[in-house]
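Here is the structure we will look at, set down as structure tokens.
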Amino acid sequence: MTITQSTVTISDVLYLLGGLTAGTHQDGRLFIAPDTKGNLIRFELQDKRGYATAFRKFGLDLLGWESVGPDYSVWHVFPQSADGKSPSDFWNGIAYASHNAKNVELEELARSISFSLLTASLRMRDICREYAFQNLQATKQHVVPGRRFANIRIFELYMALHSFLAEICSARDYLAQFMAVHFLKAKDVRTMAQLYGSLKKFPPDQTPIQDLVLKMCDESSSDGWLARLSRFRNLIIHSAPINKIAKDRWLTANTIDIQGKEFYQIHLGVPLDPIADPNGSYVDALAHFRQLMLLFFGLARTVGDMSGIQPETVSITDADLR
């Protein structure tokens with residue numbers, strides 16, 4: 001047997017709001033690309049730990065990064081948790097702990113939560129990729145700042161947004177089932193809406209998850225972010241595709257100045273509040289859905305911590321190989 005060794009180059013593509021991308025140049029300096037003239041602009045910053053701070057000073061925000069090799073990529077959401085675990089890995093650890101405790105029901109639910117958290121995260125990666133593509137197209141087409149534009153590939157962006165909403169709401173319902181089984185000992189709950197309805201009938205302070213669920217699922221409350229996320233999902237599944245919910249089916253190429261250079265920022269307007277004001281204030285889809293995703297990931301981590309189940313790292317022993 002012959003083993004051939006070779007050098008594999010892995011690069012990190014950093015995704016920013018508006019469809020801009022960034023990375024580290026060969027000279028070690030941070031770059032952002034493209035500007036409106038199609039150029040790669042380098043900045044006097046070489047410490048990767050300072051990238052996120054620099055982006056905020058530029059009026060940007062780091063969404064995540066993709067480590068890309070010859071035949072694979074690994075996606076990382078930003079910001080990461082304090083322990084460095086992704087939401088999916090955290091719940092996979094709960095699943096493994098439940099497996100070791102011989103609790104098959106919780107193990108299966110935790111694995112379903114882990115799977116859906118990962119797929120929702122990857123769909124956000126897809127949205128970032130499509131925004132980046134559209135930013136590049138705006139550059140190639142020399143779109144007048146503030147003007148609308150479109151192309152055939154815009155459908156891929158709509159599809160990624162649609163898929164993200166579907167996947168994260170699958171995670172929502174798996175999480176509701178876990179909460180019902182673990183905290184309420186209830187086996188007839190299948191959706192977050194059912195869990196919310198059940199908890200509204202409970203006397204106050206009957207379970208640690210009660211206040212949490214009642215606040216985030218309350219459509220009339222400013223804290224009801226999960227109710228608004230759910231309404232987005234229901235709209236695109238039952239009423240109209242995402243391109244019909246958007247303010248305009250075309251994209252807008254706004255511009256931003258970064259240290260004297262002009263960059264495009266892609267904007268696709270969706271309702272800020274699809275419940276109270278579905279035709280009122282509009283916000284950028286990428287920025288808004290990313291914020292909802294981070295809120296949901298925070299919820300998933302909170303529920304996991306409240307469960308009292310300590311995540312365990314998967315280990316393979318000799319017995320597993322027999």
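Not measured: the values here are computed from a predicted model.
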task = Kindly say whether Gly18 contributes a backbone atom to a donor-acceptor pair with the side chain of Asn135 at under 3.5 angstrom?
result = yes

request  = Search all heavy atoms of Leu117 against all heavy atoms of Pro87 and return the closest pair with its distance.
outcome  = CD1-O, 3.7 Å

Side-chain touch Leu251/Leu157, heavy atoms, less than 4.5 angstrom = yes

query = Are Phe78 and Leu14 joined in one hydrophobic group, where the rule is that I, L, V, M, F, W and Y side chains link up if heavy atoms are under 4.5 Å apart?
reply = yes

inquiry  = Show the nearest heavy-atom pair for residues Ile266 and Asp284, with the distance to one decimal.
reply    = O-OD1, 3.7 Å

message = Strictly distance-based, threshold 3.5 Å: is any side-chain N or O of Gln310 a donor or acceptor partner for the main-chain N or O of Ala97?
response = no

key: Closest contact, heavy atoms only, Pro79 versus Leu294   = CD-CD1, 4.0 Å

ask   = Can any side-chain N or O of Gln259 pair as donor or acceptor with the backbone N or O of Phe58 at less than 3.5 Å?
value = no

His182 side chain vs Ser307 backbone, donor-acceptor pair below 3.5 Å = yes

List the atom pairs, donor and acceptor, that lie under 3.5 Å between side-chain atoms in residues 165-173 and the rest of the protein, sequence neighbours left out.
from: Glu167; atom 1: OE1; to: Thr119; atom 2: OG1; distance (Å): 3.1
from: Ser170; atom 1: OG; to: Ala166; atom 2: O; distance (Å): 3.2
from: Arg172; atom 1: NE; to: Cys169; atom 2: O; distance (Å): 3.4
from: Arg172; atom 1: NH1; to: Ser230; atom 2: OG; distance (Å): 2.8
from: Asp173; atom 1: OD1; to: Met192; atom 2: N; distance (Å): 3.0

ask   = Out of curiosity, Asp218 CG to Arg228 CZ, how far, rounded to the nearest 0.5 Å?
value = 8.0 Å

task = Check the angle between the aromatic planes of Phe164 and Phe289 and answer parallel, tilted or perpendicular using the 30° and 60° thresholds.
result = parallel

query = Do Gln46 and Thr24 touch side chain to side chain, with heavy atoms closer than 4.5 Å?
reply = no

request  = Determine the sole option in Tyr96, Phe178, Phe115, Tyr174 for which the ring-ring contact (aromatic ring centres under 6.0 Å, His included) test with Trp91 is passed.
outcome  = Phe178

note = From the list Lys140, Gln137, Gln134, side chain to side chain donor-acceptor pair (under 3.5 Å) partner of Asn151 resolves to Gln134

ask   = For the side chain of Arg190 and the backbone of Lys187, is there at least one donor-acceptor N/O pair under 3.5 Å apart?
value = yes

task = For residues Glu107 and Lys102, determine if any side-chain heavy atom of one lies less than 4.5 Å from a side-chain heavy atom of the other.
result = no

request  = Mark yes or no for whether Asn243, through its side chain, and Ala246, through its backbone, hold a donor-acceptor pair below 3.5 Å.
outcome  = no

Joint hydrophobic cluster, Trp225 plus Leu195, side-chain heavy atoms closer than 4.5 Å = yes

request  = Apply the test side chain to side chain contact (heavy atoms under 4.5 Å, CB included) to residues Leu175 and Leu299: give CA-CA distance (whole Å), side-chain angles for both, the deciding distance (0.1 Å), then the verdict.
outcome  = CA-CA 9 Å; Leu175 191 64; Leu299 167 66; 3.9 Å; yes

query = Closest heavy-atom contact between Pro34 and Phe263?
reply = O-CD2, 3.2 Å

note = Minimal heavy-atom distance between Asp248 and Trp250, with the atoms involved, is OD1-N, 2.8 Å

ask   = Looking only at heavy atoms, which two atoms of Gln210 and Pro204 are closest? And how far apart?
value = OE1-C, 3.8 Å

inquiry  = Surrounding NZ of Lys85 (heavy atoms of other residues, nucleotides or ligands, distance under 6.0 Å), is the total greater than 12?
reply    = yes

key: Pair Arg125-Ser121, side chain to side chain contact (heavy atoms under 4.5 Å, CB included): steps then yes or no   = CA-CA 6 Å; Arg125 175 206 62 187; Ser121 177; over 6 Å; no

request  = Tell me whether Ile256 is reachable from Tyr131 by hopping between hydrophobic residues (I, L, V, M, F, W, Y) whose side-chain heavy atoms are closer than 4.5 Å.
outcome  = no

ask   = Is the closest side-chain heavy-atom distance between Glu156 and Phe133 below 4.5 Å?
value = no

ask   = How far does OG of Ser73 sit from CG of Leu122, to the nearest 0.5 angstrom?
value = 8.0 Å

query = Does the side chain of Ile245 come within less than 4.5 Å of Tyr158's, by heavy atoms?
reply = no

query = Does Arg233 use its side chain to pair, donor to acceptor, with the backbone of Leu229 at less than 3.5 Å?
reply = no

Within one Ile-Leu-Val-Met-Phe-Trp-Tyr cluster: Leu268 and Val283, side-chain cutoff 4.5 Å = yes

key: Check: Ser114 side chain, Ala110 main-chain N or O, donor-acceptor pair, under 3.5 Å   = no

request  = Return yes when atom CZ of Arg147 has more than 12 non-hydrogen atoms of other residues, nucleotides or ligands closer than 6.0 Å, and no otherwise.
outcome  = no

request  = Report the C-alpha distance between Leu161 and Val270 in whole Å, list the side-chain angles of each, state the deciding distance to 0.1 Å, and finish with yes or no for side chain to side chain contact (heavy atoms under 4.5 Å, CB included).
outcome  = CA-CA 11 Å; Leu161 292 165; Val270 295; 5.9 Å; no

Asp35 with Lys37: basic N within carboxylate O range, under 4.0 Å = no

request  = Report the distance from atom CG of Leu286 to atom CD of Glu130, rounding to the nearest 0.5 Å.
outcome  = 11.5 Å

Co-membership, hydrophobic cluster, residues Leu20 and Trp75, 4.5 Å side-chain = no

ask   = Do the non-hydrogen side-chain atoms of Phe297 and Ser86 ever get within less than 4.5 Å of each other?
value = no

inquiry  = Between Phe183 and Val303, is there a side-chain heavy-atom distance shorter than 4.5 Å?
reply    = yes

query = Between Asp12 and Tyr51, does a side chain to side chain donor-acceptor pair (under 3.5 Å) hold up when you go through it step by step?
reply = CA-CA 13 Å; Asp12 288 339; Tyr51 281 5; over 6 Å; no

query = Distance-only, no hydrogens or angles: does the Arg42 side chain make a donor-acceptor pair with backbone N or O of Leu30 under 3.5 Å?
reply = no

remark   = Output for pair (Ser222 OG, Lys215 NZ), nearest 0.5 Å, gives 10.0 Å

remark   = The reported gap from CD1 in Ile236 to NE2 in His238 (rounded to nearest 0.5 angstrom) is 9.0 Å

query = So, the side chain of Thr252 versus the backbone of Asn254: is there a donor-acceptor pair under 3.5 Å, distance only?
reply = no

remark   = Output for pair (Thr21 OG1, Trp65 CH2), nearest 0.5 Å, gives 15.5 Å

ask   = Do the non-hydrogen side-chain atoms of Leu62 and Leu16 ever get within less than 4.5 Å of each other?
value = yes

message = Please determine whether side chain to side chain contact (heavy atoms under 4.5 Å, CB included) holds for the pair Phe55 and Leu63, giving the CA-CA distance in whole Å, both sets of side-chain angles, and the decisive distance to 0.1 Å.
response = CA-CA 11 Å; Phe55 294 143; Leu63 308 178; over 6 Å; no

